[in-house]
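Written below as structure tokens is the structure these notes are about.
Counting convention: from 1, in listed order, for ligands and their atoms alike. Computed over heavy atoms, backbone and side chain alike; hydrogens, waters and symmetry mates excluded.
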Amino acid sequence: MSLSAVELVLVRLPLLRPFRTSFGTLTHKEAILVRAAGDDGVEGWGECAVAEDPLYSEEWNAGAWMILRDYLAPAALAGTSPSVKGHPMAATALEAALLDLRLRREEVSLAAHLGGVRDRIVCGVSLGIEEDVDQLLEQVRRFVADGYRRIKLKIEPGWDVEPVRAVREAFPDAALSVDANAAYGPEDAGHLAGLDPLGLDYLEQPLPKDHLLAHADLQARLETPICLDETLTSPHVTEEAIRLGACRIVNLKVGRVGGIGSARAIHDLVVRRGVPMWCGGMLETGIGRAVNLALAAMPGFTLPGDTSGSDRYFERDLTEPFTVDADGTMAVLDGPGIGVSPIDEALREVTVRRHLVGT
Ligand code: OSB
Ligand code: MG
């Protein structure tokens with residue numbers, strides 16, 4: 001049994017609510033889906049976590065499309081390994097599709113393949129920057145009522161201590177955290193210390209991604225644990241960040257670290273070092289969400305992740321919707337591979353472009 005073709009499908013889904021972060025405002029989820037077609041009729045699916053513009057990291061959809069079309073897919077069809085530097089999210093999408101194909105043939109779920117130990121995971125939600133504090137409070141109220149077990153608030157200079165304090169006052173017992181997406185500099189340490197009295201679970205990625213020592217210095221000044229996201233691109237840098245004291249918590253995103261092999265290596269080293277970890281998200285459709293859910297079933301994912309229900313993002317997901325129960329948990333899928341497939345009609349409705357590599 002082998003691979004007969006790789007198809008790229010560009011999809012564009014409106015987000016129910018614009019998602020504003022320090023790096024820009026997202027109104028749509030634009031994603032490349034990778035379909036790995038086997039010569040036995042079995043298909044595997046993967047999703048590239050990249051967005052339309054290179055704002056979170058260097059990758060963006062137009063570039064990822066070319067890398068997949070001209071380098072990664074032809075190499076997979078030829079059975080060779082591509083000599084390409086970087087582009088971790090593009091590479092992860094193809095890797096995920098090929099793994100899904102293999103696991104569907106073997107009738108093994110991705111969660112089982114990864115050594116998952118949970119059949120339900122605990123969910124958090126990541127809320128964007130709002131126009132004003134009232135609208136933020138309304139959003140928080142909705143997701144607390146829906147059962148979410150951790151609320152993460154995006155912050156940036158000018159939208160930080162004050163709105164977060166308002167949320168803390170309205171929800172004294174909620175598990176709260178904040179994510180700056182690298183919007184601050186080392187000179188903001190004193191200001192960021194203003195978050196310390198607010199009892200946050202963590203402050204995510206306050207400084208630019210290559211500021212390992214500056215994160216360590218900042219962590220030494222803050223009571224609030226620092227969690228790193230953008231910085232952690234490999235097992236190597238994750239180990240360095242932990243040993244330097246640049247973070248006390250790890251956000252793992254499979255695409256950011258270049259694939260499932262790298263994610264497993266990070267998982268294992270983080271567990272060895274006893275560091276709490278959670279599974280990040282990139283506003284994925286059901287295809288990418290299924291991978292995150294399977295990862296989050298692994299033993300090291302001890303904190304609620306950004307693994308929210310489909311209805312937090314889309315009017316209609318591409319797959320059967322993912323749902324969060326009233327207790328804030330979501331069921332891990334146990335079907336073969338990632339356990340879901342795109343619904344033909346739902347996919348057709350949001351498809352912008354398709355490209356077939358191979359026959
Ligand atoms: O920093 O975690 C981030 C979304 C896009 C890019 C970066 C991030 C995010 C989120 C949303 O915070 C998480 C999600 O709900 O998928
Ligand atoms: Mg983040």
Side-chain angles (χ1 to χ4, degrees), residues 13 15-31 47-61 64 88-89 92 121-130 139-140 142-143 146 148-156 159 176-184 200-209 215 225-233 241 247 249-257 277-293 295-296 303-314 317 321-324 328 330:
L13 291 76
L15 291 172
L16 284 172
R17 189 177 183 85
F19 188 64
R20 182 168 155 208
T21 73
S22 63
F23 60 76
T25 302
L26 304 170
T27 59
H28 286 75
K29 174 65 194 177
E30 198 195 75
E47 175 173 343
C48 181
V50 174
E52 217 169 325
D53 301 302
L55 301 176
Y56 164 81
S57 72
E58 296 88 341
E59 291 181 274
W60 83 113
N61 274 328
M89 296 196 184
T92 300
I121 60 152
V122 179
C123 300
V125 66
S126 172
L127 300 181
I129 293 165
E130 291 287 339
Q139 290 299 305
V140 175
R142 172 194 155 183
F143 289 99
D146 281 355
Y148 283 90
R149 302 260 286 269
R150 183 271 283 141
I151 308 283
K152 175 173 116 180
L153 310 173
K154 291 288 188 185
I155 59 167
E156 66 180 1
W159 180 267
L176 295 180
S177 61
V178 295
D179 185 0
N181 288 110
Y184 295 86
L200 302 178
D201 284 5
Y202 49 87
L203 161 60
E204 183 174 341
Q205 196 70 43
L207 309 177
K209 74 173 210 180
H215 274 110
I226 291 178
C227 170
L228 288 176
D229 174 357
E230 284 88 330
T231 294
L232 305 179
T233 53
C247 69
I249 296 179
V250 166
N251 166 348
L252 182 56
K253 291 177 179 169
V254 61
R256 192 192 64 225
V257 305
M277 178 168 54
W278 53 277
C279 183
M282 297 282 290
L283 312 174
E284 288 89 348
T285 77
I287 299 298
R289 191 160 308 282
V291 174
N292 294 346
L293 197 52
L295 274 174
L303 297 176
D306 280 347
T307 39
S308 309
S310 298
D311 65 353
R312 180 263 175 284
Y313 308 96
F314 313 114
D317 207 334
F322 287 71
T323 54
V324 172
M330 189 186 278

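Of all atoms in ligand 1, listed by their number and element, those nearer than 4.0 Å to a heavy atom of F23 are 6 (C). Under a 4.0 Å criterion applied to the non-hydrogen atoms of D229, ligand 1 contributes the atoms 1 (O), 2 (O), 3 (C).
Of the candidates Y313, F19, Y56, the one placing a heavy atom closest to atom 15 (O) of ligand 1 is Y313. In this comparison of G281, S126, G305, the heavy atom closest to atom 9 (C) of ligand 1 sits on G281. Considering only non-hydrogen atoms, atom 3 (C) of ligand 1 lies nearest to K253 out of M282, R289, K29, K253.
Here L55 contributes atom CG and W60 contributes atom CH2; the two are 11.5 Å apart, rounded to the nearest 0.5 Å.
Judged by distance alone, the side chain of N61 and the main-chain N or O of E30 form a donor-acceptor pair under 3.5 Å. Under a 3.5 Å cut-off, the side chain of R150 and the backbone N or O of P304 do form a donor-acceptor pair. Remark: side-chain polar atoms of Y313 are not paired, donor with acceptor, to backbone N or O of T285 under 3.5 angstrom. Judged purely by atom type and a 3.5 angstrom limit, R289 has no side-chain atom pairing as donor or acceptor with the backbone of S310.
Under the side chain to side chain donor-acceptor pair (under 3.5 Å) test applied with R256, the options T233, T231, D229 reduce to a single match, D229.
Side-chain contact, N181 with Q205: no donor N or O sits under 3.5 Å from an acceptor N or O.
The part of D179 lying near ligand 1 is the side chain, judged by heavy-atom distances below 4.0 Å. Only the side chain of N181 comes within contact range of ligand 1, with a heavy atom under 4.0 Å; no backbone atom does. In Q205, neither the side chain nor the backbone holds a heavy atom less than 4.0 Å from any atom of ligand 1. Contacts between K152 and ligand 1 below 4.0 angstrom, taking non-hydrogen atoms only, involve the side chain exclusively.
The closest approach of E204 to the Mg ion (ligand 2), by N/O/S atoms, is made by OE2. In D179, the N, O or S atom that comes nearest to the Mg ion (ligand 2) is OD2.
Ranking protein heavy atoms by distance to atom 16 (O) of ligand 1, first place goes to L283 N, 2.8 Å.
The shortest N/O to N/O separation between R312 and ligand 1 does not fall below 3.5 Å.
D229 lies close to the Mg ion (ligand 2), since one of its N, O or S atoms is found at a distance under 2.8 Å.
Salt bridge absent: K253 and D306 never bring a charged side-chain N and a carboxylate O closer than 4.0 Å.
In this pair, F143 and Y148 present their aromatic rings perpendicular. The plane angle is above 60°, beyond the 30 to 60° band.
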